[in-house]
Amino acid sequence: MDERYNPEKVESKWQEYWENNHIFRASEDKSKKKYYLLEMFPYPSGKIHMGHVRNYTIGDVVARYKRMNGYNVLHPMGWDAFGMPAENAAIDNKTHPAAWTYDNINTMRNQLKKMGFSYDWKREIATCTPSYYRWEQWLFLKMLEKDMVYRKESYVNWCGHCQTVLANEQVEEDLCWRCGEMVQQKKLWQWFFRITDYAEDLLIHCDKLPGWPEKVTVMQKNWIGKSIGSEISFKIEGRQNDIAGEGCINVFTTRPDTLFGATFMCLAPEHPLVESLSRGTDQEKAVALFVEKISRQERSSSAIETYEKEGVFTGAWCINPANGRRMPIYTANFALMEYGTGAVMSVPAHDQRDFDFAKKYNLDIVVVIQPDRTKSDTNQPENIYFDGQSTQGALDASTMTQAFSAPGILVNSGQYNGMPNDKAMSKITDWLEREGLGKKTVSFRLRDWGISRQRYWGTPIPVIHCQTCGVVPVPESDLPIVLPEDAHLLENGGSPLPTLDFFKKTDCPKCGRTDARRDTDTMDTFVESSWYFIRYCSPDCDNAMFDKEAVKYWMAVDQYIGGVEHAILHLLYSRYFMRVLNTLELIDFKEPFTNLLTQGMVSKETLRCPEHGYLFPEEALISEGKATCQKCGSDVEIGRVIKMSKSKKNVIDPNDLLNKYGADITRLFCLFAAPPEKGLEWNDDGVEGCYRFINRVWRLAGTCMEMTQGVESYTGPLSGLLDSDAKKLYTKTHQTIKKVTDDIEGNFHFNTAISAVMELVNVMYSMDLNTDQLQIQQISPEIKSVVAFSIRNIILLLSPIVPHFAEEVWEYLGNLNGITEQPWPVYREDALLTDEILVVVQVNGKLRSKFSVDAKSSDDLIRQTALADEMVQKHIGDQPIKKVIVVRKKLVNIVV
RNA sequence: GCCUGGGUGGCGGAACAGGUAGACGCAAGGGACUUAAAAUCCCUCGGAGCAUAGCUCUGUACGAGUUCAAUUCUCGUCCCAGGUACCA
């Protein structure tokens with residue numbers, strides 16, 4: 001045995017062993033319980049970074065742990081290979097997205113292999129291969145057949161200078177990231193998946209995912225955003241009611257109880273009525289200018305929500321159906337065309353946004369709900385709605401300083417006066433329904449999924465546009481529509497597909513017209529990642545999207561592990577896709593992931609040079625909180641600490657660690673640093689400690705091997721041992737087995753599992769074990785057999801975490817079969833308990849003393865011992881004892 | 001802005017279900033071994049105070065509250081991160 005653990009030698013040895021013996025190949029075996037373990041596949045951005053290493057290490061430990069627990073484990077890996085960065089890299093480096101992508105895949109595959117992950121590499125997939133995306137195209141056609149896809153006009157970010165569409169990420173403060181030109185909004189015809197058809201189902205099942213973190217299902221629920229309310233029609237003044245719906249404005253509101261307080265109306269700037277309402281009024285120009293201004297603004301919800309609320313009077317009025325009040329119609333930037341009906345009835349007295357808007361534009365405020373003073377609302381701080389002048393404690397529109405949105409009693413509401421608002425809600429809706437002015441409706445915040453991308457590096461959308469036949473699906477027999485690889489990315493970032501006649505020009509499959517045009521848009525890359533996990537079950541299946549039997553055996557994914565940043569989009573889209581496949585009767589389940597672990601982000605500060613833009617950490621010199629650029633010497637701006645990403649270059653390449661310490665220590669360190677769900681600001685200061693620990697175990701194994709030669713390890717009951725040291729070590733070992741098992745089973749807290757093993761190792765070191773032959777002879781056979789048991793279990797417990805190291809030590813200890821094939825250790829209940837327990841004593845809640853007692857002591861004895869304690873007596877003094885609380889076998893609190 | 005998390009020593013973190021705050025490790029300081037260094041081993045290590053073998057006070061972002069007892073529960077505030085529909 002070498003003096004130290006030598007990763008270079010040992011790790012390649014075992015990696016070869018696993019590969020040559022196909023240890024991690026998975027196949028359907030109905031006699032065994034299956035376990036599908038999946039980590040989110042990476043985008044091949046260049047090299048793996050610490051976020052990947054952390055994610056995949058966590059997954060690998062679980063995979064190996066489950067294997068040791070007797071499961072038939074499927075643990076695949078692949079590449080989310082389409083996407084925008086390949087295009088940007090192609091432009092920057094004058095290469096081809098495909099070449100860049102495949103290069104990266106090769107690099108990253110090698111890196112992953114060096115980490116010793118237990119993947120079944122035979123199942124590797126890359127989504128940019130026609131053999132993969134042809135089934136995505138096939139599914140698109142199926143969905144088109146069933147009207148699950150449709151086309152509509154929608155906006156994209158457009159740079160007039162670059163003549164190209166920009167992703168939200170490419171828009172920086174309303175400007176194009178390439179040329180700095182002001183970004184416009186442009187309307188295009190685009191494809192949408194009808195995910196909203198499944199809104200209710202996706203929502204309901206959020207509560208039927210017990211294996212998901214609650215925070216994720218809560219986020220999804222809020223994202224879907226179901227709200228129950230009413231749709232109400234407001235007549236437009238001076239228009240006939242019956243002009244094809246043009247005579248009314250329909251609003252969606254969750255507060256029909258406040259209808260009598262609606263004093264103005266707000267329409268989304270894109271609302272079809274805005275233009276016609278203002279036409280011919282003196283507001284026409286102002287409205288046109290406003291609409292134009294808004295159309296230039298970014299459309300992401302984070303941008304929209306942070307713009308100052310503003311609007312313009314359209315010059316037209318509508319009538320409140322409840323009280324006949326004339327209400328000015330505004331168009332306002334906070335009314336969203338995508339939500340509800342694109343129109344909002346504004347009730348300034350009871351909605352804060354409306355209140356602010358009314359104050360800004362001097363619009364009427366009418367109070368229609370008064371707080372119910374008979375109920376003491378303890379949650380409301382006193383008087384926040386009152387300015388002190390209204391002595392009756394009633395809201396007064398002229399003096400109120402914020403909207404009142406809490407429950408209360410209706411006023412100024414005709415026949416509904418005096419009614420509690422929750423009751424009024426349904427009463428008013430009933431009345432509207434009877435009058436034909438409204439109805440109860442449900443609205444969702446979730447929008448249909450726009451999948452068209454005006455990009456090159458993606459899955460071509462398999463439809464043809466014909467002047468005679470319109471949109472014609474590509475016949476199934478023509479699939480795949482292969483993305484032409486002899487294309488050059490345009491300097492401006494635009495897609496070359498529309499310029500490639502050989503791709504674009506085609507015959508209409510329906511009427512044969514020779515001037516038909518292929519759709520040159522590609523699909524959102526989230527589409528590929530919405531079903532890759534099902535493809536892994538039968539990656540080579542070439543006559544169907546997947547092999548039904550294989551899918552039946554492996555799906556659903558038992559444990560999915562990935563970054564919390566995917567909590568909404570990717571995970572929701574995947575759930576949606578399974579519903580689509582279910583509806584198409586291709587699968588018989590709806591939920592893809594039974595258990596989910598969302599890993600916290602690995603983050604690091606960004607570095608930005610005024611000359612060279614974002615810098616990699618190694619491109620800057622940092623000292624004393626200041627950074628300078630290695631290339632030009634400029635002062636570098638040290639930015640916020642954010643998740644590692646290639647585009648911001650705040651990535652740590654694990655290669656340095658890997659070269660210096662090897663895979664196992666890198667793995668150990670990643671796990672030891674923090675529990676998986678927690679974010680991690682990168683810092684490799686602790687790695688030395690992991691290195692030391694591994695070598696401590698290495699030396700310990702050597703010592704134990706020499707002193708326990710020919711000794712059977714003890715596995716019997718605790719009562720079979722006499723020596724107190726042997727007993728202690730035996731108990732500690734069983735406690736450690738339990739702790740490590742519970743930490744992995746419970747919530748994957750490997751950091752505390754590792755700590756527990758460290759404690760056990762420390763105990764063994766403190767036992768003065770050694771290799772001196774004379775002294776070995778003096779050590780009792782009992783201790784030797786427990787030591788043999790302990791070291792064996794230490795290696796087993798560590799084996800999923802540091803598998804190369806464990807294999808090597810395992811072999812050294814004289815075992816013939818690889819440790820990956822060993823069963824996970826089991827602890828003995830009878831060996832967990834110690835004879836003595838520690839009781840702490842508090843006086844008035846403050847710790848004053850502690851003592852050990854026999855574990856079998858009664859509460860009463862513990863109470864007496866505590867009261868008799870010298871320190872305790874001192875603190876009680878002559879004060880009378882009010883109460884003594886005894887927490888069983890743990891604590892006594894004496895209240896005086 | 002909105003939704004979801006998080007905030008504990010110099011640092012990463014621990015604390016089962018309200019019951020000893022700081023396990024385990026890093027860094028730092030001191031010591032042993034060594035010609036020396038590395039490696040290894042041992043000790044100290046939240047802050048403050050004092051009559052300093054020890055004891056007392058204080059301390060889990062901040063401010064209130066519930067409780068015999070709060071890092072843990074409730075309310076409010078601040079800060080940080082993730083998502084916000086074309087980054088993946």
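Everything numeric here is computed off the predicted structure, so don't read it as measured data. Within every chain, numbering begins at 1; the chains are lettered A, B, ... in the order of the sequence lines, protein sequences first and strands thereafter.
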Which letter, B, S or -, goes with each nucleotide of nucleotides 13-23 of chain B from 5' to 3', with contact meaning a protein heavy atom under 4.0 Å? SS-B--BB--B

Which residues pass the side-chain hydrogen bond (donor to acceptor under 3.5 Å, both in side chains) test with A:Tyr532, sequence neighbours left out? A:Tyr560

Return a single string for nucleotides 79-86 of chain B, one symbol per nucleotide in 5' to 3' order, where B is base contact, S is sugar-phosphate-only contact and - is none, cutoff 4.0 angstrom on heavy atoms. --SBSBBB

Sorted by chain and number, sequence neighbours left out, side-chain hydrogen bond (donor to acceptor under 3.5 Å, both in side chains) with A:Thr196 holds for A:Asp448

Tabulate protein N/O versus nucleotide N/O from nucleotides 58-65 of chain B, keeping only pairs under 3.5 Å, one per line.
| unit_1 | atom_1 | unit_2 | atom_2 | d |
| --- | --- | --- | --- | --- |
| B:U58 | OP2 | A:Lys846 | NZ | 3.4 |

Selection residues 562-571 of chain A - residue pairs positive for salt bridge (Lys or Arg N to Asp or Glu O under 4.0 Å), sequence neighbours left out: none

Enumerate the ring pair (Phe, Tyr, Trp, His ring centres under 6.0 Å) contacts for residues 671-701 of chain A, please, sequence neighbours excluded, ordered by first and then second residue. A:Tyr5-A:Trp698, A:Tyr661-A:Tyr691, A:Phe669-A:Trp682, A:Trp698-A:Phe805

Counting primed atoms plus P, OP1 and OP2 as sugar-phosphate and everything else as base, spell out the protein contacts along nucleotides 44-51 of chain B at 4.0 Å heavy-atom distance: B, S or - for each nucleotide, 5' to 3'. --------

Runs of at least three consecutive Watson-Crick or G-U pairs, both distances under 3.5 Å, are what I'm after; which ones involve RNA chain B? B:1-7 with B:78-84, B:10-12 with B:24-26, B:28-32 with B:40-44, B:46-50 with B:54-58, B:61-65 with B:73-77

Only counting residues at least two apart or in another chain, list the ones meeting side-chain contact (heavy atoms from CB on, under 4.5 Å) with A:His49. A:His52, A:Met644, A:Val651

Sequence neighbours left out, what passes side-chain hydrogen bond (donor to acceptor under 3.5 Å, both in side chains) with A:Lys732? Give chain and number order. A:Glu759

Check whether any side-chain nitrogen or oxygen of A:Asn683 sits under 4.0 Å from OP1 or OP2 of B:C26, and answer yes or no. no

Those residues of residues 48-57 of chain A lying under 4.0 Å from RNA chain B by at least one heavy atom: none

